[in-house]
Amino acid sequence: MALGKLSVLISVEQIRERINHIGARIDADYPNHAETVHLIAILKGAYVFMADLSRAIKRPVTVDFMGISSYGKGKTSSGEVRVTKDLDTVIEGNHVIIVEDIVDSGVTLTYLLNLLDQRKPKSIKIAALLDKPERRLRPINAAYVGFSIPDEFVVGYGLDYAEKYRNLPDICVLSEEDE
Ligand code: IMP
Ligand code: MG
């Protein structure tokens with residue numbers, strides 16, 4: 001694909017409203033309100049969502065980042081998952097929420113859940129901004145989902161195509177330019 005055509009699928013206002021709602025649910029869902037929730041964002045796509053979600057939560061939070069590579073530079077998964085940056089902190093005994101940009105095949109999150117579960121967190125949940133249920137190869141149960149979307153390739157709000165478009169404020173569909 002040489003040049004892409006962008007059209008807004010979810011606006012920055014819709015994203016903000018939905019994230020505020022998810023933040024309020026996370027505040028309500030853990031019974032002890034003094035207890036810290038540990039947010040783990042998956043780099044790079046979730047960096048924008050992490051910044052907004054963490055500020056929509058009123059209870060104490062700590063943050064960490066994990067680098068996972070499964071897509072290479074294209075639009076389809078290579079099927080291979082690789083840790084490119086591990087956590088800085090120990091998660092044993094913590095309430096963990098994995099913060100992910102999008103659940104597509106579910107391969108990345110299945111791998112990650114297995115990996116992090118071995119480190120004995122007190123609880124582990126998933127918050128995904130986007131979900132493409134039609135593409136699922138592995139079952140994934142995300143406690144918090146921003147938006148379910150059709151099987152289209154999206155960019156913006158942290159999501160990329162070949163490292164481009166992460167800085168777009170809205171979530172946009174990237175389609176091939178008509179000849
Ligand atoms: P999965 O392992 O197939 O679920 O892949 C999830 C990862 O693929 C996400 O964290 C994204 O980085 C990437 N991905 C999947 N769909 C899209 C998309 O439509 N746009 C940009 N990245 C995507
Ligand atoms: Mg990506």
Side-chain angles (χ1 to χ4, degrees), residues 1-12 14-16 18-19 22 26 38-54 63-87 91 96-118 124-178:
M1 191 177 69
L3 273 175
K5 199 178 77 186
L6 294 168
S7 50
V8 174
L9 180 68
I10 306 168
S11 71
V12 62
Q14 288 172 289
I15 298 169
R16 187 181 311 123
R18 187 69 187 146
I19 291 179
I22 294 174
I26 291 173
H38 190 58
L39 305 176
I40 297 176
I42 309 310
L43 296 171
K44 302 173 191 169
Y47 80 101
V48 182
F49 181 37
M50 174 68 136
D52 285 345
L53 181 64
S54 60
V63 302
D64 203 348
F65 298 87
M66 192 151 186
I68 296 279
S69 157
S70 65
Y71 260 64
K73 287 197 164 72
K75 276 188 175 183
T76 51
S77 176
S78 64
E80 255 175 68
V81 184
R82 210 159 45 87
V83 174
T84 56
K85 184 215 171 290
D86 206 339
L87 299 174
I91 60 167
V96 166
I97 300 179
I98 300 176
V99 178
E100 175 63 306
D101 53 359
I102 183 165
V103 192
D104 190 30
S105 69
V107 170
T108 308
L109 279 170
T110 301
Y111 173 86
L112 209 61
L113 277 173
N114 285 333
L115 185 78
L116 296 183
D117 209 42
Q118 292 167 24
I124 188 159
K125 289 188 189 179
I126 294 166
L129 181 65
L130 301 173
D131 184 14
K132 276 192 212 170
E134 285 169 52
R135 304 245 314 165
R136 200 72 87 255
L137 298 175
R138 309 271 165 80
I140 286 290
N141 195 359
Y144 310 103
V145 173
F147 304 90
S148 267
I149 62 167
D151 182 11
E152 307 255 31
F153 197 82
V154 290
V155 295
Y157 198 80
L159 290 110
D160 74 306
Y161 173 65
E163 295 300 327
K164 281 173 64 185
Y165 307 113
R166 293 193 196 274
N167 58 326
L168 296 177
D170 308 296
I171 293 165
C172 300
V173 172
L174 178 66
S175 48
E176 280 166 66
E177 198 79 83
D178 297 325

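Numbering of ligands and ligand atoms starts at 1, following listing order. These numbers were taken from a predicted model, which means no experiment stands behind them.
- Between the Thr84 side chain and the Gly67 main chain, a donor and an acceptor come within less than 3.5 Å of each other.
- Judged as a side chain to side chain donor-acceptor pair (under 3.5 Å), and not counting sequence neighbours, the contacts of Lys44 are Glu163.
- Numbered from 1 in the order shown, with element, the atoms of ligand 1 that lie under 4.0 Å from a heavy atom of Asp101 read 9 (C), 10 (O), 11 (C), 12 (O).
- A distance-only check finds a donor-acceptor pair linking the side chain of Asp170 to the backbone of Val12 [under 3.5 Å].
- Nearest residue to atom 18 (C) of ligand 1 from Phe153, Tyr161, Tyr165 is Phe153 (criterion: closest heavy atom).
- The aromatic rings of Phe153 and Tyr161 sit perpendicular to each other, their planes meeting at more than 60°, with 30° as the lower class boundary.
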Q) Between Leu130 and Leu159, is a side chain to side chain contact (heavy atoms under 4.5 Å, CB included) present by the stated rule, with each step listed? A) CA-CA 10 Å; Leu130 301 173; Leu159 290 110; 4.0 Å; yes
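- Using 4.0 Å as the threshold, Gly106 has a heavy atom nearer than that to some atom of ligand 1.
- Judged by distance alone, with hydrogens and angles left aside, the side-chain atoms of Arg82 form no donor-acceptor pair with the main-chain N or O of Ile68 at under 3.5 Å.
- Not a single N or O atom of Val155, backbone or side chain, sits closer than 3.5 Å to an N or O atom of ligand 1.
- Heavy-atom contacts of Glu152 reach the following atoms of ligand 1: 19 (O) (cutoff under 4.0 Å).
- Taking every non-hydrogen atom of Glu100 and a distance limit under 4.0 Å, the qualifying atoms of ligand 1 come out as 10 (O).
- Taking every non-hydrogen atom of Ser105 and a distance limit under 4.0 Å, the qualifying atoms of ligand 1 come out as 1 (P), 2 (O), 3 (O), 4 (O).
- Both the backbone and the side chain of Thr108 come within 4.0 Å of ligand 1, counting heavy atoms alone.
- Within the 4.0 Å heavy-atom criterion, the part of Leu159 lying near ligand 1 is the side chain and not the backbone.
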Side-chain atoms of residues 139-151: list all donor-acceptor pairs with protein atoms under 3.5 Å, sequence neighbours left out, distances to 0.1 Å.
unit_1	atom_1	unit_2	atom_2	d
Tyr144	OH	Asp29	OD2	2.7
Tyr144	OH	Lys125	NZ	3.0

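- Summarising the geometry of Asp101 relative to Ala46, their closest heavy-atom pair is N-CB, 3.8 Å, with the distance given to 0.1 Å.
- If you look at Asp160 next to ligand 1, the close heavy atoms, those under 4.0 Å, all belong to the backbone.
- For the ligand labelled ligand 1, residue Lys44 lies outside the 4.0 Å heavy-atom shell.
- Ligand 1 lies nowhere less than 4.0 angstrom from a heavy atom belonging to Arg135.
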